[in-house]
Amino acid sequence: MTPANPSDLESALEATLLEIDRARSPIAEHDVASRLRGCRRTVGDEVALTNVATADLLAFDFMAHYPTGETSWGTYFGPVMVWPDGKGGVLESPGLKQVSIEAVDAWKRRAVQCAHPVLRARFSDLAWDLAPAATSTRGDVGMARLAATAYLDAAKQALYWAENAGVEYVKRALVLAKSVSDAPIETRAVDVMIALESRIAVDDQLGTWGFAFETLVLEQRRALRPEVEAALVAQLEDRLDRLSATAFAPVDLDPHAAERAAMLLVAYYHRRDSLDRARRALLRFGDAFARAATVAEPLVGAAWMQHVFEVYSSNGLIDEAAALSPVIDRLGRASRDSLKSISVTHEISKEKMDVYLATMTEGTPERVLTRMALHFVPRRDAIEQQLKELAESAPMSFMIPHAIVDDDGRTVARVGALKDDLDGNVVRLITQNMQIERIFLHLLRERLMESGVLSVSRVQAHLRGGLLFEDAHWPAISRGIDAYFAGDYMVTLHVWIPRIEGLLRVLARHLEAPLYRRPRRSGELTYRGIAELLRDERIEKALTPNVALFLRVLLTDPRGWNLRHAVCHALTPADAFGEVVATRVLQVLLLLGIIRRREDQPPIAT
């Protein structure tokens, strides 16, 4: 068998492109890429690539409309895959370095040769877009015009593989026309965009409508004739009326589509100070969600109405937002019954637990209490490593955001995807780990109480030896200690948690950190709250970043336990004030009791 040579691959690629070109049927760029890669497999992967073959194979591998800021290219096209190289950098496929002057020239030739608008648009746009970044040469203005025209032809002739591809074609054509100041192509792009929306728009299919209004009116990419703008506004008003019509049964409503239409109109009317019309659009969208929520799952309905509350509030509809409170409260309470618990069993042998407890209880009482305080402080570096391992084993769960719901079904915080919200995921994982650690903390507490190490007198001695436990705070702290060992955890927590804020103010004084802030609405000084104190650089350094992070998760972060907020605002049911929660707060006091003044340092050093 005669080995294949590079010209065989060029011929196969040429034949495939010619077949697609002559068919003049709708085609997706990724399908073209797949067929071209199939040519290489057929001819043989070992065949050397010529410049022409390389250009053809690369052309349809690039991702169009690449997210801004994801690479340093600054281009419309970007790589399909990006992954770390293990050296602090990234690897990209396809990479910008693969684009040579010869490849750009080959794309220009293909752009002229091809008749199919999708092929012509891809080759000419690549030559225009990537040449400056990859080869440090100026883009060919003729290629930009050719690409814009081809995109509009593809949209007008419905040669796109999906409606959203057609929408992107006309948007890209308008951008290209403006970039080279080609008024005739701009005018045609406006007409094709409006015609495309009229052809593909379906009320309950988001993405098939609204793009002409958003691009041409809100983003003002092209000055419109007044009658054209008025027609687009009227179409959108009619669509909102249809989507929120009371004739719809609640189960048939699509409130998200109503919201899309409403928010486009709100943005338009706000620019023109037409506040009454903006208010009308907002109320139509809110009514659609309110009616849909009556037949939705309570948890979903509560989330919807919280969203409406936020939209109303941010748009100045304060009274209307307040009127939603009873609905949100009712749905939130109903949602508790729809939640299901998930449990996981993990067995630890008695021998391993005995070894663990023996290690934890070794040494003098003071050392044991100090070890108890420090052992259950999470280390951020270990948490980040754990996140990395979990994301590798279950990547999907770290690609989606999570809502944190309180006992009334109210969303109190959100944690984004791992790549967007590392801090939020750190707090969330610490919170989960604290739940798992409950059994270890409980058994250690029981062992220490049996041995007498954890007792009223021992805890008092540990705390009184600390720098922060001044006489002004001691009666309340002592009362909380008595309640803790009597099993009255509700009293313990209601006494200790406010006092922790006072102890942090004592620490702030010793560190000469700011104690006060000025409220926006008055000139009087007020104390900084515990959340502010725990983020103060000097306090964080004195506590250590890991301890400060732990205290925030436990006391002030809505993504964590947030005990200070829950206790001080009566948001926690009485049965939540248990031993584990109280022991965690005791751990905080033990941590603060470790702080001593250095004998060889000025009084403010700790």
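It should be emphasised that the depicted structure is a prediction, and the values quoted were computed from it without experimental measurement.
- Counting heavy atoms from C-beta on, the side chains of Tyr169 and Leu159 never come closer than 4.5 Å.
- Interatomic distance, CG of Leu36 versus CG of Asp61, reported as 8.5 Å (0.5 Å rounding).
- A distance-only check finds a donor-acceptor pair linking the side chain of Ser198 to the backbone of Ile194 [under 3.5 Å].
- No donor-acceptor contact under 3.5 angstrom links the side chains of Thr208 and Glu163, judged on distance only.
- A distance of 6.0 Å or more separates the ring centres of Tyr76 and Phe62.
- Screening Leu324, Ile328, Val327 for a side-chain contact (heavy atoms from CB on, under 4.5 Å) involving Val308 leaves a single residue, Leu324.
- Side-chain contact annotation: Gln113 with Arg120, donor-acceptor N/O pair under 3.5 Å absent.
- Between Gly560 and Thr431, the shortest heavy-atom distance links the atoms CA-OG1, 3.3 Å.
- The residues Arg188 and Asp153 are annotated as salt-bridged, a charged nitrogen and a carboxylate oxygen being separated by less than 4.0 angstrom.
- Residues Ala28 and Trp161 approach most closely at CB-CG, 3.3 Å, considering heavy atoms.
- At distances below 3.5 Å, not a single donor-acceptor pair connects side-chain atoms of Glu389 with backbone N or O atoms of Gln386.
- Crowding of Arg277 atom CZ: a count of heavy atoms from other residues, nucleotides or ligands under 6.0 Å not exceeding 12.
- In this structure, Leu49 and Arg40 have side chains that are in contact, with non-hydrogen atoms separated by less than 4.5 Å.
- Taking the six-membered ring where tryptophan is involved, the planes of His256 and Trp304 are perpendicular, since the angle between them exceeds 60° and thus also 30°.
- Note that the CG atom of Leu429 and the CD1 atom of Ile383 stand 4.5 Å from one another [nearest 0.5 Å].
- Side-chain contact between His270 and Asn315 is present, with at least one heavy-atom pair separated by less than 4.5 Å.
- In this structure a side-chain-to-backbone donor-acceptor pair under 3.5 Å is missing from Trp73 to Ala133.
- Counting only residues at least two apart or on different chains, the salt bridge (charged side-chain N to carboxylate O under 4.0 Å, His left out) pairs with a member in residues 197-211 are Asp203-Arg239, Asp203-Arg242.
- Considering only heavy atoms from C-beta on, Val175 stays 4.5 Å or farther from Lys171 through its side chain.
- If you take CG on Leu216 and CG on Leu224, they are separated by 5.0 Å, rounding to the nearest 0.5 Å.
- Within the structure, ring-ring contact (aromatic ring centres under 6.0 Å, His included) pairs that include any residue of residues 407-430 do not occur (at least two apart or interchain).
- Between the side chain of Asp254 and the backbone N or O of Leu243 there is no donor-acceptor pair closer than 3.5 Å.
- The pair Arg172-Glu168 does not count as a salt bridge, with every side-chain nitrogen at least 4.0 angstrom from each carboxylate oxygen.
- The shortest non-hydrogen separation linking Ile404 to Pro558 is CG2-O, 4.2 Å.
- Taking 4.0 Å as the cut-off between side-chain N and carboxylate O, Arg35 and Glu19 count as a salt-bridged pair.
- At most 12 non-hydrogen atoms from other residues, nucleotides or ligands lie less than 6.0 angstrom from CZ of Arg22.
- Counting heavy atoms from C-beta on, the side chains of Ile27 and Tyr160 never come closer than 4.5 Å.
- Each ring-ring contact (aromatic ring centres under 6.0 Å, His included) pair with one or both residues in residues 177-219, not counting sequence neighbours, appears once here: Phe213-Tyr268.
- A 4.5 Å side-chain heavy-atom check between Leu91 and Val82 finds every atom pair outside the cut-off.
- Summarising the geometry, atom CG belonging to Leu13 is positioned 6.5 Å from atom CG belonging to Leu17; distances are rounded to the nearest 0.5 Å.
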Problem set entry | side-chain contact (heavy atoms from CB on, under 4.5 Å) evaluation trace for Leu152 with Ile185 | CA-CA 9 Å; Leu152 295 176; Ile185 296 181; 4.1 Å; yes
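- With Tyr269 as the partner, the side-chain contact (heavy atoms from CB on, under 4.5 Å) test is satisfied by one option alone out of Leu275, Asp276, Val233: Val233.
- The distance from the CG atom of Asn562 to the CZ atom of Arg552 is 13.0 Å, given to the nearest 0.5 Å.
- Within the 4.5 Å cutoff, the side chain of His307 has heavy atoms near those of the Glu259 side chain.
- Side-chain contact, Gln306 with Glu310: no donor N or O sits under 3.5 Å from an acceptor N or O.
- The salt bridge (charged side-chain N to carboxylate O under 4.0 Å, His left out) pairs that include a residue from residues 107-116 are Glu14-Arg110, Asp56-Arg110, Lys108-Asp140, where partners are two or more places apart or lie in different chains.
- Nearest heavy-atom pair, Ser313 versus Ile318, reported as atom, atom and distance to 0.1 Å: O-CD1, 3.9 Å.
- Just one of Lys156, Arg122, Arg24 meets the side-chain contact (heavy atoms from CB on, under 4.5 Å) condition when paired with Pro117; it is Arg24.
- At a threshold of 4.5 Å between non-hydrogen side-chain atoms, the residues Arg559 and Arg414 do not count as touching.
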Can you give me every donor-acceptor pair (side chain of residues 283-297, partner residue at least two apart or in another chain, under 3.5 Å) with its distance?
unit_1: Arg284; atom_1: NE; unit_2: Ser244; atom_2: OG; d: 3.2
unit_1: Arg284; atom_1: NH1; unit_2: Asp241; atom_2: OD1; d: 3.0
unit_1: Arg284; atom_1: NH2; unit_2: Ser244; atom_2: OG; d: 3.0
unit_1: Asp287; atom_1: OD2; unit_2: Arg291; atom_2: NE; d: 3.0
unit_1: Arg291; atom_1: NH1; unit_2: Phe248; atom_2: O; d: 3.4
unit_1: Arg291; atom_1: NH2; unit_2: Ser244; atom_2: O; d: 2.8
unit_1: Arg291; atom_1: NH2; unit_2: Ala245; atom_2: O; d: 3.3
unit_1: Thr294; atom_1: OG1; unit_2: Arg291; atom_2: O; d: 2.5

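- Rounding to the nearest 0.5 Å gives a distance of 10.0 Å between CD of Glu102 and OG1 of Thr135.
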Solution key, residues 142-151 side-chain donor-acceptor pairs under 3.5 Å, sequence neighbours excluded:
unit_1: Arg145; atom_1: NE; unit_2: Asp182; atom_2: OD2; d: 2.8
unit_1: Thr149; atom_1: OG1; unit_2: Arg145; atom_2: O; d: 2.9
unit_1: Tyr151; atom_1: OH; unit_2: Asp125; atom_2: OD2; d: 2.7

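- Applying the 6.0 Å contact sphere to NE2 of His30 captures more than 12 heavy atoms from other residues, nucleotides or ligands.
- With hydrogens and angles disregarded, no donor-acceptor distance shorter than 3.5 Å links the side chain of Ser34 to the backbone of Asp31.
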